[in-house]
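Notes to accompany the following structure.
Note that this is a predicted model, so its numbers are computed, not measured. Read the numbers this way: they start at 1 and go in the same order the structure lists the ligands and their atoms. Hydrogens, waters and symmetry mates play no part in the numbers below; they use all other heavy atoms, side chains included.
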Amino acid sequence: MSNKKLWAGRFSEPTDAFVEAFTASVEFDQRLAPYDIQGSIAHATMLAEQDILTEQEKTLIINGLQSIQTQIEAGDFQWSIGLEDVHMNVEAALTDLIGDTGKKLHTGRSRNDQVATDIRLWLRDEIQVIQAELRRLQQGLLDVAEREASTILPGFTHLQTAQPITFGHHMMAWFEMLQRDYSRLQDCAQRMNQMPLGAAALAGTTYPIDRYATASFLDFDAPCRNSLDAVSDRDFAIEFTAAASLVMVHLSRMSEELIIWSSAQFHFITLSDSFCTGSSIMPQKKNPDVPELVRGKTGRIFGHLMGLLTLMKAQPLAYNKDNQEDKEPLFDAVDHVKGSVRIFADMLPALTCHRENMRQAARQGFSTATDLADYLVRRGIAFRDAHEIVGQAVAYGINKNCDLAELDLAELRQFSPCIEQDVFDYLTLEGSVSARQHIGGTAPEQVKAAIKLARTLIAD
Ligand code: ARG
């Protein structure tokens, strides 16, 4: 293939070899090729409809592009650094293949509107894949939540035992986080779905193009309304990376809990062997590598968000070469978020709960102290006084090394004569969780209702 630069007309000296390598993007932007070709086919189709190309020229161009696509898919395409980027590689290959007609494809177009379009087309597809993986993960969470709707474990604040909760309720908290992530990605995809083509280099083009036609061929909602904005802004990439960062925040929080829960000290859960690895020196080890690695990758995605924000900051209108630096962080963010959600979706349904250990843990740390205070309030004692009374009972229990439910009635009545035999209905773990009977509460019935609603929310 000819390596002649497509912009060489006004130059008299060749490009310095290192400058050529330094400014080229083809090594990474070649993954946009299918979208570049899709955009070119739409553009050529519109040009023919507008009589800017003949039908024959259009057919020649489209057939040529399709055969280049086949070569790329087969790994037979020769990428050239001298041709700088994916756009010029494809265009030069087209002209090599079909002759001078290939040179007409770039009529009314610039690489500036071309690249802005390609990234949007690509990201739109990738967002759909990530959303599908999120749905699969949510589905898995619902199944675990259903199975463990009545399983009791301690709920924590400050990582100190707070109140008993159900494991299903905990899974549903994760579900909600991911539900917001899904809708953030949806918003981002929708805002992004406007087409830059037609903006050309920055000011639009003098040809009688039909931007609505091209937009509809490419399934965009509309053409971008301002040509300068269309070629220059990468806010959609930043917005995606921000949404992706929140996905990672959530996965890293889930990771942290899975890691703590699978420690020998907690032993609330066991992760399936297929998602753990061993140690080369300590034979007993089974490490939760997958959640650890996902937690680690979170930093990498935040880094890409910072990188993209900084890349865009203070760029004057319209296109600047700075924007070529958008691709690697964006590609990497997509790859690693997609991989992280996918591996979580595979891993979570295979989690085993050690119900007895969770229960034992919930019996420690006076997790039903608030229930005793609420009991006293129902007997006419002011909450602050009830709090004080229960505090004294807890101090007594600590001394005796007993949970509140293990004290007998006489012992409890030392702290308040209002306490009667029925107090034990409230001091048990089941009593505590099932008393939280309102929407959003941890009672097993509420969890089951939440699961039922959630299944309808994610049904497509
Ligand atoms: N490779 C370039 C990029 O990624 C394509 C656009 C180049 N435009 C230009 N005028 N140099 O941004």
Quiz prompt | Pair Glu133-Lys338, salt bridge (Lys or Arg N to Asp or Glu O under 4.0 Å): steps then yes or no | solution = CA-CA 7 Å; Glu133 292 293 359; Lys338 194 165 59 178; over 6 Å; no
Self-check item: Sub-4.0 Å atoms of ligand 1 with respect to non-hydrogen atoms of Ser25
Solution: 1 (N)
Quiz item: Which residue supplies the protein heavy atom nearest to atom 1 (N) of ligand 1, what is that atom called, and how far is it?
Solution: Gln324 OE1, 2.8 Å
Quiz item: Which residues pass the side chain to side chain contact (heavy atoms under 4.5 Å, CB included) test with Asp143, sequence neighbours left out?
Solution: Arg455
Quiz item: Given that the side chain starts at C-beta and the backbone is N, CA, C, O, which of these parts of Lys327 lies under 4.0 Å from ligand 1, counting heavy atoms, or is it both or neither?
Solution: side chain
Quiz item: Nearest heavy atom to atom 10 (N) of ligand 1: which of Asn112, Asp85, Asp118, Leu32 does it belong to?
Solution: Asn112
Quiz item: Given Lys327 and Asp85, is the salt bridge (Lys or Arg N to Asp or Glu O under 4.0 Å) satisfied, shown in steps?
Solution: CA-CA 12 Å; Lys327 286 168 206 63; Asp85 56 26; over 6 Å; no
Quiz item: Among protein heavy atoms, which lies nearest atom 6 (C) of ligand 1, and at what distance?
Solution: Tyr319 OH, 3.4 Å
Exercise. Would you mind listing every ring-ring contact (aromatic ring centres under 6.0 Å, His included) that reaches into residues 196-244, with sequence neighbours excluded?
Key: none
Practice problem: Considering heavy atoms of the protein only, find what lies nearest to atom 11 (N) of ligand 1 and give residue, atom and distance to 0.1 Å. | Solution: Arg111 NH2, 3.5 Å
Quiz item: For the ring-ring contact (aromatic ring centres under 6.0 Å, His included) test, which of Phe167, Phe156, Phe266 pairs with Trp261?
Solution: Phe167
